[in-house]
Amino acid sequence: MKIVVTGGAGYIGSHTCVELLENGYDVIVIDNLSNSSFEALRRVEEITGKKVEFHNVDIRDKSSLSGIFKLLSETLLPLSLKDNTAVIHFAGLKAVGESVSFPLEYYNNNITGTINLLEVMKEYGVKNLVFSSSATVYGNPHTLPIKENFPLSVTNPYGRTKLMIEEILKDLHLSDPSWNIALLRYFNPVGAHKSGKIGEDPFGIPNNLFPYIAQVAVGRLPFLNIFGNDYHTEYNREDGTGVRDFIHVSDLAVGHIKALPKLFTNCGVVTYNLGTGKGHSVIELVSAFEKASGVEIPFKIAPRRAGDIAACYADPSKAEKELGWKATRTVDDMCRDTWNWQKNNPNGFRL
Ligand code: NAD
Ligand code: UD1
């Protein structure tokens, strides 16, 4: 079985490639390396002892994309593409703040890129797709934990691209029920592969909590700003900091492996939350990281960050029931593996 992985050199993509290869799939990565390094894929090969086919292509470049699928159809002959391939679509831009400043770039990359990909898939009869969606599509939920049937709303262009793509995919399936599509809504992916060879390597100053803490721990940044300790809903802890459902990236990667067979049951469009079902506060995370690393994380309490919500965690029971998937790694595992990655690679993939 061949799996085309768009954005496969990125953070979640590279971890998913490891799981795919270890589960016997052939992996074809399409990535323009706009937010990643080829080194990540080299290390995926090192971890698994298997080869990755790589194409340095932008998914908005339709003729190059088409060329990859043409080659794929020829190499698979006499097997059909429909029954022997699927696409996992990670490629896209993902920074919320940046999307507010550069909405056209976000719509162009995420929406145009996805439409191109879908057109080429349709042309070659590949109609099995796993799409990276996000808990951001739930906006500010009224109650927790969040179930898949909660109302959807978004507050920024990045989130809107995710919701629009979900809608586009539902329309596509309505027009042609032979499409099988899994919409995976990730909560807060963190951590790194246990080998310490791959992990999150953001360009510039990190926006997200975990890579920020890791860079403070390793001395690249002086201290952490904690955005608000005055959240006092029934879901927040006494420390008043934000609560999130942090999920180990390797558990998330396994979620994709579990979603693939579902596509081949003629499932239509299915939606799953990928989270642990547990919320942890920012302060709890800082303490867990200090314990795992043995390094003190200096922090300052700063004002709330615009657009942040007080608390958010998943009800992941649908994925457990229908896919047999459940996150198994703890917050301590997430901190240990992040630290292992960061201390062995203080400058990420840049040697
Ligand atoms: P990432 O930036 O590490 O990976 C995305 C990859 O896509 C990168 O390697 C980048 O070079 C590539 N890419 C971007 N635009 C492309 C294009 N036009 N053509 C080809 N390649 C392109 O991000 P990630 O954290 O691994 O996220 C993967 C997916 O999961 C994204 O769609 C993201 O929106 C979604 N997601 C991420 C999170 C998170 O917290 N990391 C949460 C929810 C959803
Ligand atoms: C962010 C995105 C969300 C995306 C998710 C995926 C924003 C506003 N939202 O979610 O759309 O789906 O990533 O992982 O960017 N924090 C600090 N100091 C920091 C960084 C973060 O205190 O330097 C706090 C935040 O206020 C929040 C928590 O840590 O309470 C988690 O933040 P972050 O890692 O950025 O993720 P989200 O905001 O949950």
Side-chain angles (χ1 to χ4, degrees), residues 5-16 29-38 40-41 55-61 64-65 88-100 105-106 108-110 112-114 116-117 131-139 154-156 158-159 161-162 165 184-190 199-203 205-213 215-216 221 223-229 231 236 241-247 249 252-253 274-275 279-283 285-286 299-313:
V5 185
T6 74
Y11 172 46
I12 305 171
S14 56
H15 288 80
T16 304
V29 167
I30 303 173
D31 199 305
N32 65 358
L33 302 181
S34 60
N35 197 37
S36 53
S37 314
F38 177 72
L41 292 176
H55 300 271
N56 186 343
V57 162
D58 190 308
I59 56 167
R60 289 165 296 178
D61 172 357
S64 298
L65 207 53
I88 305 183
H89 179 32
F90 293 107
L93 302 177
K94 62 161 185 176
V96 172
E98 190 183 68
S99 80
V100 175
E105 282 79 350
Y106 271 68
N108 184 282
N109 202 334
N110 294 5
T112 309
T114 301
N116 252 343
L117 174 69
F131 173 61
S132 297
S133 189
S134 166
T136 197
V137 299
Y138 295 114
V154 285
T155 53
N156 57 71
Y158 164 70
T161 66
K162 292 292 170 194
I165 294 169
L184 303 185
R185 294 179 180 152
Y186 312 153
F187 280 67
N188 287 57
V190 300
E200 188 166 14
D201 180 25
F203 291 166
I205 307 264
N207 297 306
N208 299 111
L209 181 65
F210 244 76
Y212 206 106
I213 293 180
Q215 292 195 14
V216 171
L221 293 166
F223 61 88
L224 170 73
N225 279 304
I226 294 186
F227 298 136
N229 64 350
Y231 289 108
N236 288 85
T241 60
V243 163
R244 294 292 184 274
D245 186 338
F246 297 98
I247 173 167
V249 65
L252 193 70
L274 296 188
H280 289 277
S281 77
V282 173
I283 288 278
L285 250 289
V286 171
F299 66 81
K300 293 185 184 169
I301 302 296
R304 290 181 180 192
R305 183 171 66 179
D308 270 357
I309 57 176
C312 167
Y313 52 89

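We count ligands from 1, going down the list as the structure has it; atoms in each ligand are counted the same way.
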Would you name the heavy atoms of Val57 and Leu65 that are closest together and state the gap between them? CG1-N, 4.4 Å
Within ligand 2, which atoms have a heavy atom of Gly242 less than 4.0 Å away? 30 (O)
Less than 4.0 Å from atom 21 (C) of ligand 2, is there any heavy atom belonging to the protein? yes
Note: ligand 2 atoms sitting under 4.0 Å from heavy atoms of Ile226 are 22 (O)
Leu33: numbered ligand 1 atoms lying under 4.0 Å from its heavy atoms: 11 (O)
For Leu209 and ligand 2, does the shortest N/O to N/O distance drop below 3.5 Å? yes
If I compare all heavy atoms of Asp31 with all of Ser36, which pair ends up nearest, and what's the gap? OD1-OG, 3.4 Å
Please classify the Asn225 to ligand 2 contact at 4.0 Å (heavy-atom distances, strictly less than): side chain, backbone, both or neither. backbone
In this structure, atom 19 (C) of ligand 2 is nearest to the protein heavy atom Phe227 CE1, 3.3 Å
Are any of the N/O atoms in Arg244 less than 3.5 Å from those in ligand 2? yes
Within reach of ligand 2, part of Val96 (heavy-atom separation under 4.0 Å): side chain
For Ser133, atoms of ligand 1 separated by under 4.0 Å from a heavy atom: 43 (C), 44 (C)
Using a 4.0 Å cutoff against the non-hydrogen atoms of Thr136, which atoms of ligand 2 qualify? 11 (O), 12 (O)
Considering only heavy atoms of Val57, which atoms of ligand 1 have at least one such atom less than 4.0 Å away? 19 (N), 20 (C)
For Pro189, the ligand 2 atoms whose distance to one of its heavy atoms is below 4.0 Å: 14 (O)
N/O to N/O below 3.5 Å, does that happen between Lys162 and ligand 1? yes
Closest contact, heavy atoms only, Ile283 versus Ile226: CD1-CD1, 3.7 Å
Atom 6 (C) of ligand 2 [closest protein heavy-atom partner, distance rounded to 0.1 Å]: Phe187 O, 3.9 Å
At their closest point, which heavy atom of Asn116 faces which heavy atom of Asp61, and how far apart are they? ND2-N, 4.0 Å
For residues Tyr106 and Ala95, report the shortest heavy-atom separation together with the two atoms involved. OH-N, 3.0 Å
Please indicate whether any nitrogen or oxygen in Gly10 is less than 3.5 Å from any nitrogen or oxygen in ligand 1. yes
For Ser34, the ligand 1 atoms whose distance to one of its heavy atoms is below 4.0 Å: 10 (C), 11 (O), 13 (N), 14 (C), 15 (N)
May I ask you to identify the nearest protein heavy atom to atom 25 (C) of ligand 2, giving residue, atom name and distance to one decimal place in Å? Asp308 OD2, 3.4 Å
For ligand 1, the portion of Asn109 having any non-hydrogen atom under 4.0 Å away: side chain
Out of Tyr186, Phe210, Phe131, Phe203, whose heavy atom sits nearest atom 30 (O) of ligand 1? Tyr186
Are any of the N/O atoms in Ile59 less than 3.5 Å from those in ligand 1? yes
In terms of residue, atom name and distance, what is the protein heavy atom nearest to atom 4 (C) of ligand 2? Ser134 OG, 4.1 Å
Tell me whether Phe90 has any N or O atom under 3.5 angstrom from an N or O of ligand 1. yes
Polar contacts were defined as any N/O atom of the residue lying under 3.5 Å from an N/O atom of the ligand; does this apply to Ala91 and ligand 1? no
Nitrogen or oxygen of Tyr212 less than 3.5 angstrom from that of ligand 2: no
Heavy-atom proximity to atom 1 (P) of ligand 1 ranks first, among Val96, Asn32, Asn35, Val5, for Asn35
Numbering the atoms of ligand 1 from 1, which are under 4.0 Å from a heavy atom of Ser132? 29 (C), 30 (O), 32 (O), 35 (C)
Among all protein heavy atoms in this structure, tell me which lies nearest to atom 36 (O) of ligand 2, with the distance rounded to 0.1 Å. Asn188 ND2, 3.1 Å
Correct closest heavy-atom pair for Val190 and Tyr11 would be C-OH, 2.9 Å
Between His89 and ligand 1, find which residue part has any heavy-atom pair under 4.0 Å and reply side chain, backbone, both or neither. neither
Strictly distance-based, threshold 3.5 Å: is any side-chain N or O of Thr6 a donor or acceptor partner for the main-chain N or O of Phe90? yes
Give the atom numbers and elements of ligand 2 that come within less than 4.0 Å of a heavy atom of Asn207. 20 (C), 35 (O)
for atom 28 (C) of ligand 2, nearest protein heavy atom and its distance come out as Val282 CG2, 3.8 Å
Gly113 touching ligand 1 at heavy-atom level, < 4.0 angstrom: no
the protein heavy atom lying closest to atom 13 (O) of ligand 2 turns out to be Asn208 ND2, 3.4 Å
Looking only at protein heavy atoms, what sits closest to atom 32 (O) of ligand 2 is Arg305 NH2, 3.5 Å
